[in-house]
Amino acid sequence: MKVEQSEALVTISDLNVTLGGKQILQHLHTWIPRGRITALIGLNGSGKTTLLRAILGEIPYQGRIQFHCGHAHRPGHPERIGYVPQRLLFDTNLPLTVCELLALGMSWRPIFLGVSKGLRRKIVDLLRRVQADHLADSPVAGLSGGELQRVLLALALEPLPELLLLDEPAAGIDFRYQGEFYGLITRLNEEHGLTILLVSHDLSVVSSSAHHVLCLRNGQILCEGPPREILSGERIAEIFGEDKAVYAHSAHAS
Ligand SMILES: Nc1ncnc2c1ncn2[C@@H]1O[C@H](COP(=O)(O)OP(=O)(O)OP(=O)(O)O)[C@@H](O)[C@H]1O
Ligand SMILES: [Mg+2]
C-alpha cells in the first residue's frame, strides 16, 4: 500500500486489537482517503465496529492510527471525530425534547436553566442541516427510528468533524427514508468536504454512495479499492461466500 499523506486523512499500520482474550483485528494496514466517503463492508463479526472504536480511541490497540489533520490526535481523545454508533448505549425514553438533548451536548450550562435563545437558534440551524428542524420540540422518546438517526447525525455534526464515523446508520430505517438519509450523507460530503467512514451491509448503497471500499474478513483487510472493482461478482463471492441473496442484491446495484 503506497499512500500519499495528502490523500489520506488517516493511515493505519499494523493495527492489532485483542478483546476478552480474543484477537479481533490482526496486522491491519489501511487508510481513509481525505474528503471521500469510504464504505467498510464485511460479514457479521468481521471487526467493523471494532475498527471504528479503535479509530475513536475507545479501546486499547497495538500499532499506529495516524491522523493527518494538521493537529495531534491522541488515543482516547478523539477531537473532531463525529460518531453515530450501531447501537445506542443510552435510554431513548429520556424525558427531554430534541432541542434539550442537543443542548446537553453543546453547552456547559446546566439543562435545568433552560436553553438560551442563542443556543436554540444554533440547534435549529443544526437540525435544518439534517432536515429535522421540525423535530426541535418533539420528545426524544416519541421519535421514530429514522427521526432519531437524523438527530444523532446532527449531534455528530457539532462541531463539524474532520472525520465522521457511521456504523450502519440506516439499519432499521424504511427504504424510502434510507434513500433520503444517504442523500444527506452525500450532500454533507460534497458541501463540506467531510471525510466519512460508513459501515453498511447494503451493497447498493455502497455502490451508489461510496468512493472507496474497505472489506474486512476475520479482522484483516481482504481487499480495498473503488466500488466497481470491489463489488464485482468475483470479489463479492470471495467476501461473502456463495450467498445467493447477496448476489441478487449486488446485481441490482450496478
Ligand atoms: N469486548 C469484546 N470482548 C470479546 N469479544 C468481542 C468484544 N467486542 C467484540 N468482540 C468480538 O469481536 C468480533 C468482531 O466484532 P465487531 O462488533 O467488530 O464485528 P462487526 O463486523 O461490527 O459485526 P456486525 O456486522 O455484526 O456489526 C466478534 O466476534 C465479536 O464477538
Ligand atoms: Mg458492527
Side-chain angles (χ1 to χ4, degrees), residues 10 12-32 37-65 75-76 78 81-90 92 145-146 148-149 152-153 155-156 161 163-175 178 181-182 185 195-207 209-210 212-225 227 230-231 235-250 253:
V10 185
I12 296 174
S13 356
D14 200 19
L15 180 67
N16 290 277
V17 173
T18 301
L19 294 172
K22 182 179 162 196
Q23 187 161 10
I24 316 285
L25 300 180
Q26 308 173 40
H27 306 295
L28 197 142
H29 291 264
T30 191
W31 66 299
I32 301 171
I37 299 178
T38 298
L40 180 57
I41 63 170
L43 291 174
N44 293 139
S46 55
K48 301 179 298 296
T49 297
T50 304
L51 176 56
L52 260 47
R53 295 181 66 212
I55 292 171
L56 275 167
E58 258 192 41
I59 50 172
Y61 60 83
Q62 283 85 48
R64 244 180 121 160
I65 301 179
I81 302 182
Y83 179 43
V84 178
Q86 184 173 8
R87 269 180 281 281
L88 281 182
L89 296 174
F90 68 87
T92 51
L148 182 63
Q149 284 307 85
L152 293 178
L153 180 61
L155 205 52
L163 173 64
L164 179 61
L165 304 177
L166 302 172
D167 199 347
E168 300 188 41
I173 295 178
D174 75 58
F175 76 96
Q178 282 202 9
F181 189 85
Y182 286 110
I185 301 291
T195 306
I196 297 172
L197 179 61
L198 162 78
V199 176
S200 179
H201 289 283
D202 187 332
L203 299 183
S204 62
V205 161
V206 171
S207 142
S209 310
H212 188 70
V213 181
L214 300 179
C215 175
L216 275 185
R217 186 166 67 184
N218 298 330
Q220 291 178 306
I221 298 288
L222 175 69
C223 52
E224 57 188 306
I230 303 298
L231 301 180
R235 284 292 198 164
I236 287 295
E238 210 183 324
I239 299 165
F240 294 101
E242 300 294 328
D243 188 324
K244 297 284 184 300
V246 172
Y247 266 131
H249 201 79
S250 67

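Each ligand, and each atom within it, is numbered from 1 in the order the structure gives.
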Just jot down the ligand 1 atoms closer than 4.0 angstrom to any heavy atom of [X], in number order.
| X | answer |
| --- | --- |
| E168 | 25 (O), 27 (O) |
| G47 | 14 (C), 18 (O), 19 (O), 20 (P), 21 (O) |
| S46 | 19 (O), 21 (O) |
| Q86 | 27 (O) |

Measure the spacing between [atom1] of [X] and [atom2] of [Y] and express it to the nearest 0.5 Å.
| X | Y | atom1 | atom2 | value |
| --- | --- | --- | --- | --- |
| N16 | I24 | CG | CD1 | 11.5 Å |
| L214 | L222 | CG | CG | 11.0 Å |
| L40 | L166 | CG | CG | 11.5 Å |

Looking only at side chains, do E168 and H201 share a donor and an acceptor under 3.5 Å apart?
yes

Quick check on side-chain contact (heavy atoms from CB on, under 4.5 Å): which of V10, I32, I37 does T195 satisfy it with?
I32

Nearest protein heavy atom with distance in Å, relative to [atom]:
| atom | value |
| --- | --- |
| atom 8 (N) of ligand 1 | L19 CD1, 3.6 Å |
| atom 6 (C) of ligand 1 | I24 CD1, 3.9 Å |
| atom 17 (O) of ligand 1 | T49 CB, 3.6 Å |
| atom 15 (O) of ligand 1 | T50 OG1, 3.8 Å |

Measure the shortest side-chain to side-chain distance between V206 and I230 over non-hydrogen atoms and say whether it is less than 4.5 angstrom.
no

Side-chain contact, heavy-atom cut-off 4.5 Å: I55 with I12?
yes

If you count the non-hydrogen atoms of other residues, nucleotides and ligands that lie under 6.0 Å from CG in D14, is the total more than 12?
yes

With a 4.0 Å cut-off on heavy atoms, is G42 touching ligand 1?
no

Is the closest heavy-atom distance from H201 to ligand 1 below 4.0 Å?
yes

For G45, is at least one N or O under 3.5 Å away from an N or O on ligand 1?
yes

L28 to G219 - nearest heavy-atom pair and separation:
CD1-O, 3.6 Å

Angle subtended at the Mg ion (ligand 2) by OG1 of T49 and OE1 of Q86, to 10 degrees?
80°

Looking only at heavy atoms, is any part of N44 under 4.0 Å from ligand 1, and if so is it the side chain, the backbone, or both, or is it neither?
both

